[in-house]
Number of protein chains: 2
Amino acid sequence: MPKRGSYAKGVAKRDEILTRALDVVAEQGFRGASVREIADAVGLSQAGLLHYFGTKEQLFVEILRKRDEVDLTRFEHGTDAPAFLSEDFTGLVAHNAEVPGLVELFSRMSVEAADTAHPAHDYFVRRGEEVRTSFASALRAQQDAGKLSDRIAPEALARIFQAVSDGMQLQWLIDRDVDMAAAVQALFDALSTEPGPPQRP
Amino acid sequence: MPKRGSYAKGVAKRDEILTRALDVVAEQGFRGASVREIADAVGLSQAGLLHYFGTKEQLFVEILRKRDEVDLTRFEHGTDAPAFLSEDFTGLVAHNAEVPGLVELFSRMSVEAADTAHPAHDYFVRRGEEVRTSFASALRAQQDAGKLSDRIAPEALARIFQAVSDGMQLQWLIDRDVDMAAAVQALFDALSTEPGPPQRP
DNA sequence: GTCTATACCTAGATAGAC
DNA sequence: GTCTATCTAGGTATAGAC
């Protein structure tokens, strides 16, 4: 129980800042990835912004967390639905092409978080586990329904899809004409058991 | 035609520095990615090192180029061999686990080169094309030999393998226990037409 | 809670001696 | 060609006023 009413208010303000920051970073990719830029964008001074998040790294992790939160409500329509995979996941990947700044932030932080002492390290560990777990169960369901090749374990395939998603982001950062979602879909199709005609007859 | 003999000598020295830098970066991942660190490692002052490469970015690109050069002679035993893929490529990916610093450098630069004005941008564009082209032709050969599923175009699959390779590096940077080569191999097996028993009988 | 101002640090680049 | 020393820029973090 907080001592003052100000606590809940502070949390609300934090959330408001994050929502705003998310929009700004999404639209205009942030070049330098500096606190000042975010501060300007959300209409606060650099010091004012750090008042809420303490450090640069913590701020950026919170932005990524917020992004996940928003995406989750937007793209996860229940893991049970058999159509989960090719629709929601491919949709999410396609959506990423609309938010260049977030793709860049995510990729950049992903590399920097290699250091176990980095504030974002735990975030990436945890997020990776969650993504793979939920994805693996969806893949298993597809296999059980006979729609997906069972020549590979769902956990292994989940990891591969994660890698494809992350890796396509890197390719897309270099060349914006690359179609990230198409690549994901192509792999899915190749592993599908649907009769669809081979690409190379 | 160079005015003095010093030109060829300078090139040789450059090459020597790069070879040395490659070893050092490979073994001890470089934390800060600073010019000074490399300089210390190769036994030069910061100014002395920049004398050869001009700028930080140029230096780092040259290190990546040198790495490719070395890897190429080490892992590409002729693209014609039918065994090319699962051996050479998987071998290369496995080898990366021995050179953490290079994986980190590559991934980091890959993100920073998103900016078309970045000195490394062209390098990544060109390298991506080369990797995919040579890989696609090897995949096509496998398909023609009936060893690989033809449900996906070789160019599309080459892109996917590139993404898997890059993406697994990101996962591995977060968790060194991850087996990058195993993931690549698993995908290859899943798409193989060999009779081998399914993973989930 | 938010600002201005500033301290402090790191890092790349450059000048100039040898 | 290589070094030492220094300049400069940019960024995070913090102190203190309002």
Side-chain angles (χ1 to χ4, degrees), chain A residues 2-21 24-25 29-63 101 104-105 108-109 111-113 115 117-120, chain B residues 2-21 24-25 29-63 101 104-105 108-109 111-113 115 117-120:
Chain A
K3 287 172 189 162
R4 296 255 192 317
S6 60
Y7 183 70
K9 199 170 174 183
V11 170
K13 177 78 178 182
R14 255 176 74 108
D15 210 66
E16 184 193 321
I17 293 173
L18 287 177
T19 304
R20 178 107 184 77
V24 175
V25 173
F30 60 170
R31 281 244 157 283
S34 73
V35 173
R36 218 172 290 258
E37 260 181 289
I38 309 278
D40 289 351
V42 302
L44 242 67
S45 73
Q46 187 235 20
L49 182 56
L50 282 189
H51 168 72
Y52 286 97
F53 298 94
T55 117
K56 172 196 176 186
E57 266 91 13
Q58 282 167 6
L59 165 63
F60 286 158
V61 179
E62 290 310 312
I63 293 179
E104 191 181 336
L105 174 61
R108 187 182 293 263
M109 294 283 284
V111 176
E112 279 166 15
D115 184 351
H118 193 286
Chain B
K3 287 174 189 163
R4 295 254 191 319
S6 59
Y7 182 71
K9 199 169 174 183
V11 170
K13 176 78 179 184
R14 255 176 74 108
D15 209 69
E16 185 193 319
I17 292 172
L18 287 177
T19 304
R20 179 108 184 76
V24 175
V25 174
F30 60 170
R31 281 242 157 283
S34 73
V35 173
R36 238 171 208 113
E37 261 181 286
I38 309 278
D40 288 353
V42 302
L44 242 65
S45 74
Q46 187 234 21
L49 182 56
L50 282 190
H51 168 73
Y52 286 97
F53 299 94
T55 122
K56 172 198 177 187
E57 266 92 13
Q58 282 166 7
L59 164 64
F60 286 158
V61 179
E62 289 311 312
I63 294 180
E104 190 181 336
L105 175 61
R108 186 181 293 263
M109 293 284 283
V111 176
E112 280 166 15
D115 185 349
H118 193 285

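For the numbers below, each heavy atom of this structure counts, side chains included, while hydrogens, waters and symmetry mates do not. Note on naming: letters A, B, ... go to the chains in the order of the sequence lines (proteins, then strands), and numbering restarts at 1 for each one.
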Measure the distance from [atom1] on [X] to [atom2] on [N] and round it to the nearest whole Å.
{"X": "A:Arg36", "N": "D:dA9", "atom1": "CZ", "atom2": "P", "result": "15 Å"}
{"X": "B:Leu49", "N": "D:dC3", "atom1": "CG", "atom2": "P", "result": "10 Å"}
{"X": "A:Leu50", "N": "C:dC8", "atom1": "CG", "atom2": "P", "result": "18 Å"}
{"X": "A:His51", "N": "D:dA17", "atom1": "NE2", "atom2": "C1'", "result": "15 Å"}
{"X": "A:His118", "N": "D:dT12", "atom1": "NE2", "atom2": "P", "result": "12 Å"}
{"X": "B:Glu57", "N": "C:dA13", "atom1": "CD", "atom2": "C1'", "result": "12 Å"}
{"X": "B:Leu59", "N": "C:dG12", "atom1": "CG", "atom2": "C1'", "result": "12 Å"}
{"X": "B:Ile38", "N": "C:dA11", "atom1": "CD1", "atom2": "P", "result": "12 Å"}

Subject >> Among D:dT4, D:dG1, D:dA13, the one nearest A:Lys56 by side-chain distance >> reply: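 Per side-chain heavy atoms of A:Lys56, the pick is D:dA13.
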Original post:
Want to settle it: does A:Gln46 or B:Ser34 sit nearer the 5' end of DNA chain C, counting the closest nucleotide to each?
Top reply: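 With A:Gln46 and B:Ser34 compared, the 5'-side residue is A:Gln46.
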Subject >> Nearest-nucleotide comparison on DNA chain C, the residue closer to the 5′ end among B:Ala47 and A:Lys13 >> reply: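 Checking each residue's closest nucleotide, the 5'-ward one belongs to A:Lys13.
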**OP:** Taking all heavy atoms of A:Lys56 and all of A:Leu50, pick out the closest pair and write down the distance.
**Re:**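 Minimum heavy-atom separation between A:Lys56 and A:Leu50: N-CD2, 4.0 Å.
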Original post:
About how many Å separate CD of B:Glu62 and CZ of B:Arg14, when rounded to the nearest 0.5 Å?
Top reply: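 It is 5.0 Å, given to the nearest 0.5 Å.
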Subject >> B:Arg20 side chain to B:Ala41 backbone, donor-acceptor under 3.5 Å >> reply: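 It does hold such a pair.
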Subject >> Criterion side chain to side chain contact (heavy atoms under 4.5 Å, CB included) on A:Ile63 and A:Leu18, from CA distance to verdict >> reply: CA-CA 6 Å; A:Ile63 293 179; A:Leu18 287 177; 3.9 Å; yes
